[in-house]
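Please read the structure below before turning to the comments.
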Amino acid sequence: MAAKRILIIDDEADVREIAKVSLEITKNWEVTTAASGEEGAALAATYRPDAILLDVVMPKVDGLATLLKLGENTETRHIPVILLTATLRLATQQSFVAAGARAVLIKPFDPGLLGGQIEAVLGWQ
Amino acid sequence: MKILLVDDDEVLIERLTNDLAAQHYVVDTTTDGLLGWEYARSAPYDLIVLDIDLPGLDGLSLCRRLRQTGYAGAILLLTGRGSNSDKVEGLNAGADDYLVKPYTLTELAARLRALLRRPTVMSSPTLRWGQLRCDPNANLVTVTDQTVVLSPKEYGLLELLLRHPARIFSNTVLLERLWSADDSPGEETIRTHIKRLRRKLKQAGADDMIENVYGMGYRLKPAPPAAEPELPQSNPPSEQVKAEAARAAAIAAFERFRPILGDRMTALRQAAAALNQPPLPEEVRSMAQGAAHKLAGSLGLFGLTEGSHLARRLEDWLGQSDVAEGAEFIALVEQLDAQLTAGPREISAPLGESRIVPLAGPPRPTDNQYRVLAIDDDSLILAQLQRLLPPWGLDVVTLNDPRQTWAALEASPPDLVLLDLDMPYIRGVELCRQLRQQERWQTLPILFLTACREATAVYELYQAGADDYLPKPILEPELVNRLFQRLERGRLLQTLAGTDPLTGLANRRKGTIELDLLLHLAHRYPQPLSLVLLHLSPDLALTPDSAKDLMVALAAVLPTLTRRGDAIARWGTQEILIGALAPTWSSPQDALGPPLAQFLADRLRSSPGNLDLHLGLHLGAATFPTDGHTLDGLYRQATHRLAPLG
């Protein structure tokens, strides 16, 4: 399988870094990160990743707003998005589905398993 | 390897095609951007070469559209412009490479070969089946280290089957994948190639690899169990080793992030301190809650699973409406603080529970996958379809209550609908009629499943707008065959919106696409194409309004004189162009002349004034291939032949 390109959008530096290192080590994927929703949405259009990991709770432009933004742009709307969150509530899950998210990854994740989980949920295996 | 060239420079196309064909590439060509788009959607290509300046649809837009719809092969852009911003724009549009004119043919061919060799295109580790090895990078096939010499087509067949071990390939799909549009041999040829391939494989010792699934196609048989375990080749690190390395890297990064984690801890300690003198200020509470949330999400990353649990309990505690008893909170904060100070231990076991939850949203179509919506109140039939269709690359969405049709259409728009005739709540025919009343679903292929074969019932289906019907009980080969026929036709004829506001006919742009497609089909499946031009003579003493009325009336009557699938377009203010593939008439003048004359006579009778409309409406026709090979040429020919009706 060709190396995948992943964009991680999360305001927390530790989560960004661990996810990046984990995907690089276990899957040899190319990973780029953004620290805010605005930066992430802009980067997605030029970087054209194969998938986006998107944090739900962020200041200013949060995950859902970023998700909608990605959906509005024809350059990015086809990119599968996996949401990152420490809590999953049913009510919010519905709005994620409506906004087009493919999966929710519950934090904390296991850096050893993350890449395989992404492959499985996006059908990349 | 299959290549599509889209360039309006016909000289270049010819030279390049010859060059590539000599290297055993299968090449399709077109000079129009929109046609390029249709080609790319109707067959899989490994590489697409696009000129930027194209008629129909420019190369950049086409490139963007290809990427948006999931085309994963390579794209090379050709252009006369050479500025950096153009280059960036091209690459942003999803092109893999860029070549500025003028360039030499050698340079272009070299660039193409480089792109085709690229791992992103090929992503080709060696393919294996028992003792057989197929190296797609070298087009090399060996069986127990003996090279098997194959022709390009035999090799293509083998590689395709090896890449999709479970899939059954019909003759149609094989033709589409391995032959160019202009060179479509019959099924006999495929049989011959398969036969030769089988013989060569057998001689080399790879016996019985390809299975003939009766009435359906070909499939790779499961590989025989390996005689002895394979020796690991270069001993790549196992999944487990890599996972442990990633965990170790996370733990090693902990110290770098200790200050950030410490800040979050501080916010919690402040809340604990403030709880000694209630009430807890809102600002402190909300800061602490945010910090607890972040710690819950991050501590586990470093192996501090217990810390994540503690932080989650703190977050929940701070989220309660009545923050009363502070002692429990303070105790939890102290425990967490201790965890953080101790830091992670050296561990290699999985760190706590790691969960990813797929969201049941509308599935997105993947490459070459069609989605079929099946509506039937008989769940046995639905289960049968669920079992039959997925091996053919068809996604099935089933519905046993026709009242949910609209919601299902919105949730995941299908490429085709299978409808039961007799259902509770809404009759299939009525549902079909309702679908056809909405512009969005007018071109959606609809097939009926019915046990009833009475002529009147069948007639009613077609009247309601159905494309075809299939008798129950369902026979797999028949079902699959008919589905693909409709799906492929649907894709080809599905065009961009382009309706003439006055007449409701296709406008010239959409008409061009439809006629070009018919012409393409006429080329591909050698069939005549009849082009008929109707022209309202300008010397006819009609007021602009009455000319418009006549156009509208003509547009309404023409569909009754032509067949479904014929193209009818408003070509100009006073022109209508009709294209009929494999027409049933021997002469369009004879076929269309009398009914049109009758139509005009009727209008004459019902309208005042004394105009001789017969002399006002002219008809001219031309036929592919006798009168020309291009739309322009045929149209010019038809113009020359314009003559009054009757």
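Chain A is the first sequence line, chain B the second, and so forth, proteins listed ahead of strands; every chain is numbered from 1.
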Chain B-proximal positions within residues 6-24 of chain A [heavy-atom distance under 4.5 Å]: A/D11, A/E12, A/A13, A/D14, A/V15, A/E17, A/I18, A/V21, A/S22
Nearest heavy-atom pair of A/K107 and B/R312: which atoms, and what distance? O-NH2, 3.1 Å
Point-to-point distance, once rounded to the nearest 0.5 Å, from CG of B/L66 to OH of B/Y45: 11.0 Å
What's the shortest heavy-atom distance between B/L332 and B/L310, and which atoms? CD2-CD2, 3.8 Å
Where B/L301 and B/G297 come nearest, the two heavy atoms and their spacing: CG-O, 4.0 Å
Which residues from residues 40-53 of chain A are near chain B, with near meaning under 4.5 Å between non-hydrogen atoms? A/T46, A/R48
Would B/S298 and B/R264 count as having a side-chain donor-acceptor pair, cut-off 3.5 Å? yes
Please list, one pair per line, the donor and acceptor atoms closer than 3.5 Å that link side chains of residues 56-71 of chain A to other protein atoms, with sequence neighbours excluded.
residue: A/D62; atom: OD1; partner: A/L64; partner atom: N; Å: 3.3
residue: A/D62; atom: OD1; partner: A/A65; partner atom: N; Å: 2.9
residue: A/T66; atom: OG1; partner: A/D62; partner atom: O; Å: 2.7

Answer with side chain, backbone, both or neither: which region of B/R256 has an atom nearer than 4.5 Å to a non-hydrogen atom of chain A? side chain
I need the B/I48 CD1 to B/C63 SG distance, nearest 0.5 Å. 9.0 Å
Shortest non-hydrogen contact between B/A296 and B/S308, atoms and distance: O-OG, 2.7 Å
To check you understand the geometry: which heavy-atom pair defines the closest contact between B/P344 and B/F254, and what is its length? CD-CD2, 3.3 Å
Calculate, to the nearest 0.5 Å, the distance between atoms CG and CD1 belonging to A/L113 and A/I118 respectively. 11.0 Å
Given that the side chain runs from C-beta out, which part of A/L122 has a heavy atom under 4.5 Å from chain B: side chain, backbone, both or neither? neither
Quick check for you: to the nearest 0.5 Å, what is the distance between A/I79 atom CD1 and A/R102 atom CZ? 12.0 Å
Distance col, row B/I75:CD1 vs B/L62:CG, nearest 0.5 angstrom, shows 7.5 Å
With only heavy atoms counted, which part of B/A245 is less than 4.5 Å from chain A, the side chain, the backbone, both or neither? both
For the residue pair A/L84 and A/D55, what are the closest heavy atoms and their distance? O-OD1, 3.2 Å
How about residues 287-295 of chain B versus chain A: which residues have heavy atoms under 4.5 Å apart? B/H293, B/K294
So that I can tick it off, tell me whether B/E244 and B/R247 are bridged by a salt bridge, with the cut-off set at under 4.0 angstrom between side-chain N and carboxylate O. no
